[in-house]
Amino acid sequence: MSPFDLQNTALSCVKCGKCIPDCTIYQINRDETTSPRGFLDLLGAYKAGHLPLDSTSKKIFESCFLCTTCVSNCPSKLPVDTAIESVRIDIARKFGISWYKRLYFFLLRHRKVADIVFSCVGFLAPCFFKGDKTKLRLPIKRSVFPFAKKSFLQKYGTSLPPQKRDTESSAHIIESTTKPKRVAIFIGCLANYNYINVGESLLKILNALNIEAFVPKSQECCGAPAFFTGDIRTVTTLIKRNIEYFEQFWEDIEAMIIPEATCAAMIKVDWKHALELDEEAQESKKWVERLERLLPKIFMTSEWLEAHTDILTRLDNGVRADYAITYHDPCHARKVLGVYKQPRALLAKNFTINEMTDCARCCGFGGISMQSSHYALTLKAGIPKAQSIHTSGAQVVSAECGACRMQLTNALDSINSPVRVLHPLELLADKIQ
């Protein structure tokens, strides 16, 4: 039995309504049923046995974007997101998981197979996606979801951190009075297979700061796509593999930094939730304890760079960029981890930042289930965000999240906006000295 008390959470809601105005799904679907307090009422009824888990309730529970805006606005901080995640596990068990999602989750569990598949897609993508030089065209532009022919981990991943490689190497070791910092990079699947320039920019920045970077080659997916879909078996498998792997080099690094908001929030917050929702409660408790020993060293990249390096003094003090940027706050960064000041502090040194209206509004990505089963809703959520970006007057919108990047690129393209989407690290790499 899960330690998460779904019914008590539902009964704790006092129906104040503070969660409703900014709720992503309620903003585009003015139905009290699909509002946070509506979700909680239905979840409580389901837990009490008064509501069947049928196709209607399934559709309702799958319409949440899991943006956590309601949790941020709730005076009691009720975990509406975790409540919905728990019922999605029941949905997956009763209705099963679509074949294409099962295939995708299989790839997440088998990195070597995924490498082969995505490498093939990287070679074939120019033939099937819209571009300036292609003849065969599909509705999706390649810029929305690019494919690298060789993943970041394939290009830069190593089996051992620098300290161990130096110790085991027969090469001479140069003594130094100033021991350089060593950090591990958890790259995330989108930055690994699609936006590899993010990781390459991070390597450039760390090199300029004289920080040794270790890219753990055997790192697994964080499991976020599977968790938000309800595939608890896949996500706990990935969590345990990662924990066991991280423990092998944890004493040899000062931190593990993550350039993806969703991955960072998944590891720092939702890994514990997923383990607690696992049926093997006693064994899961041991895994939670092992996880908690790792957490103090895990940071979002901008958070760690701003607090633990001299990057602000190393950024170019010359002429500021001749274009303005605006910053989009990924939900998992700002609302879950509280990271939003740090990337702005780093970017403000060399860029004029035109703040858009409602910069914390969810972009509407919503995960693989929303993108595949409720795409119309994701587009309705993305268009207002794109319009806000466009009217800011900026030429570039930056976001520390690959999922947001996909969604914003598609939404901006839908309104024919020329604004480009770039990761903060890509902007900073051009300004680091």
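- A salt bridge links Arg37 and Glu32; the closest N-O separation between the charged side-chain nitrogens and carboxylate oxygens is under 4.0 Å.
- Using a 4.5 Å heavy-atom threshold, the side chains of Ser369 and Phe228 count as separate.
- Applying the salt bridge (Lys or Arg N to Asp or Glu O under 4.0 Å) test to Glu244 and every residue at least two apart in sequence or in another chain returns nothing.
- Between Phe246 and Phe186, the ring-plane angle classifies as perpendicular under the 30° and 60° cut-offs.
- We find that Asp41 and Lys15 are joined by a salt bridge, their nearest charged nitrogen and carboxylate oxygen being less than 4.0 Å apart.
- Two rings, from Phe299 and His308, have their centers less than 6.0 Å apart.
- A side-chain donor-acceptor contact under 3.5 Å links Asp115 and Tyr193.
- Under the salt bridge (Lys or Arg N to Asp or Glu O under 4.0 Å) criterion, Lys58 pairs with Glu62, sequence neighbours left out.
- Electrostatic pairing of Asp358 and Lys385 does not count as a salt bridge here, judged by no charged N lying under 4.0 Å from a carboxylate O.
- In terms of the side-chain contact (heavy atoms from CB on, under 4.5 Å) criterion, residue partners of Cys64 (sequence neighbours excluded) are, by chain and number, Phe39, Leu66, Ile84, Arg88.
- Salt bridge present: Arg241 and Glu220 bring a charged side-chain N and a carboxylate O closer than 4.0 Å.
- Contact check on Glu292 versus Lys272 returns a salt bridge, with a Lys/Arg side-chain nitrogen under 4.0 Å from an Asp/Glu carboxylate oxygen.
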